Asker: 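Here you go, one structure.
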2 protein chains.
Amino acid sequence: MVVDQTSDAGVDRIFHALADGTRRDILAFAVGGRYSVSELAKRYPMSFAAVQKHVAVLEGAGLITKERRGRERLVRTDVDTVQKARVLLDGIEELWRVRVDRIDDLLATEKRITGGER
Amino acid sequence: MVVDQTSDAGVDRIFHALADGTRRDILAFAVGGRYSVSELAKRYPMSFAAVQKHVAVLEGAGLITKERRGRERLVRTDVDTVQKARVLLDGIEELWRVRVDRIDDLLATEKRITGGER
DNA sequence: CTGATCTACAACCATCTGGTTGTATGATAG
DNA sequence: CTATCATACAACCAGATGGTTGTAGATCAG
C-alpha cells in the first residue's frame, strides 16, 4: 500500500494510529525486527482479526510496512514515518522557543528605552 | 481540569488530540500567546461550539491550559505535554538505533569468526 | 491430494467522534 | 437594570472505531 504522510489527512492518520496502546506496542516491538501478523497477535488478549485491523491502521498511516514471505506477511516498523511525526512536534516546541526569545528581546528593548537599572 | 498524561490512557488522549488538523492548528497557534476561545473560533469554518469541543479535547489531553480573564477563558499551549509526546516517539527511534547498532556488532563478530577480508 | 496454518475480508454491534442547534449562566457595557 | 458577549453544556445525528465471528483463498507439511 502506498501512503501519503505529508498531507494533512496523512498526518491525521499517523497520530490516529499512535492513539492506541496496542498499536504503539506493535510499533515499538516491530522496530526490533520482522514479525508475522500471527506472531504479533499472540502477544495481545484479543482476536487475530482485531490485531490484523491494528496492523492495517499502522500500515495505512505508513508507520509499518509488510513484506511477503511465503504465506506470512512480515511486519516491520518504518522509522522514517515515526520521525516525521516527531519532527512535527519538534516544530511546535520550536515555535515556543522562538516566542520566548522574542519576549526576551522585547524585555531587553524595554530596558534600554527606560534606561535599564544601571 | 487535572490531567494524567503518563498513563497509557493519558498517552492515548494526547495522540488522539493530535490526530486532527484543527486541533494541531490551535496548538501551534496558541503556542504564540494566549487567546480566548472566541478568538480561536473566528479562525475556523465551523461553529463556536465545535471549536469549543476541540479546545476541550486538547485540554483533556493536557496539551493546553485555560486561564480565566473576566468572562473569557484564555487558551495557552502547554509545551511540556507536547514534549512528552515527542519524547515517546524519540524512544521508538532510539530502539531502532540500538537495534541497528546490535546488528552492526553481530556483523562485526561474524567477520572476526570467519576471519574477515584482511 | 489432504489437512493445517496464515492471512484477508465481510458483516455485525456498541461506542466514540466531530459536527450541528438550542438553551442556560456569568460578566461586561451602557 | 438591561442588553450583549463569552462560555458551557445538552441533545441529536451521520459516520468512524474497535472489537467480535464467520467465511474463503494461499501456502506449506506429510
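We name chains A, B, ... by the order of the sequence lines, and we start the count at 1 in each one. The shown structure was predicted, so the numbers you read here are calculated from the model rather than taken from an experiment. What's counted below: heavy atoms across the whole structure, side chains too, no hydrogens, waters or symmetry copies.
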Asker: Sequence neighbours left out, what passes side chain to side chain donor-acceptor pair (under 3.5 Å) with Asp80(A)? Give chain and number order.
Answerer: none

Asker: Tell me, please, which residues at least two apart from Arg97(B) pass side chain to side chain donor-acceptor pair (under 3.5 Å).
Answerer: Glu94(B)

Asker: Can you name the side chain to side chain donor-acceptor pair (under 3.5 Å) partners of Arg69(A), sequence neighbours left out?
Answerer: Glu72(A)

Asker: For Arg86(B), check salt bridge (charged side-chain N to carboxylate O under 4.0 Å, His left out) against everything at least two apart and list the hits.
Answerer: Asp90(A), Glu93(A), Asp90(B)

Asker: With salt bridge (charged side-chain N to carboxylate O under 4.0 Å, His left out) as the rule and sequence neighbours excluded, what pairs involving residues 29-56 of chain B come up?
Answerer: Asp25(B)-Arg43(B), Arg34(B)-Glu67(B)

Asker: Please encode protein proximity along nucleotides 24-30 of chain C as a string of B, S and -, counting only heavy-atom distances under 4.0 Å.
Answerer: --SBS--

Asker: Taking atom types as they are modelled, is there a donor-acceptor pair under 3.5 Å from the base of dA6(D) to the side chain of Glu72(B)?
Answerer: no

Asker: Heavy atoms, side chains only, cut-off 4.5 Å: are Val37(B) and Val75(B) in contact?
Answerer: yes

Asker: In B/S/- notation, 5' to 3', how is nucleotides 16-21 of chain C contacted by protein heavy atoms closer than 4.0 Å?
Answerer: -SBBBB

Asker: Tell me whether the side-chain N/O atoms of Lys66(B) come closer than 4.0 Å to OP1 or OP2 in dA8(D).
Answerer: yes

Asker: Rounded to 10°, tell me the angle between the two end axes of the helix from dC1(C)-dG30(D) to dG30(C)-dC1(D), each built from five pairs.
Answerer: 30°

Asker: For residues 28-73 of chain B, which residue pairs pass the ring pair (Phe, Tyr, Trp, His ring centres under 6.0 Å) check, not counting sequence neighbours?
Answerer: Phe29(B)-Tyr35(B)

Asker: Show which side-chain atoms of residues 12-20 of chain A pair as donor or acceptor with protein atoms under 3.5 Å away, not counting sequence neighbours.
Answerer:
unit_1: Asp12(A); atom_1: OD1; unit_2: Gly21(B); atom_2: N; d: 3.4
unit_1: Asp12(A); atom_1: OD1; unit_2: Arg24(B); atom_2: NH1; d: 2.9
unit_1: Asp12(A); atom_1: OD1; unit_2: Arg24(B); atom_2: NH2; d: 2.8
unit_1: Arg13(A); atom_1: NH1; unit_2: Gly60(A); atom_2: O; d: 3.4
unit_1: Asp20(A); atom_1: OD1; unit_2: Thr22(A); atom_2: N; d: 2.9
unit_1: Asp20(A); atom_1: OD1; unit_2: Arg23(A); atom_2: N; d: 3.1

Asker: Let's see if you get this right: which residues in residues 27-35 of chain A place a heavy atom under 4.0 Å from DNA chain C?
Answerer: none

Asker: By side chain to side chain donor-acceptor pair (under 3.5 Å), which residues pair with Gln83(B), not counting sequence neighbours?
Answerer: none

Asker: Is Gln52(B) near enough to dT7(D) that one of its side-chain N or O atoms lies under 4.0 angstrom from OP1 or OP2?
Answerer: no

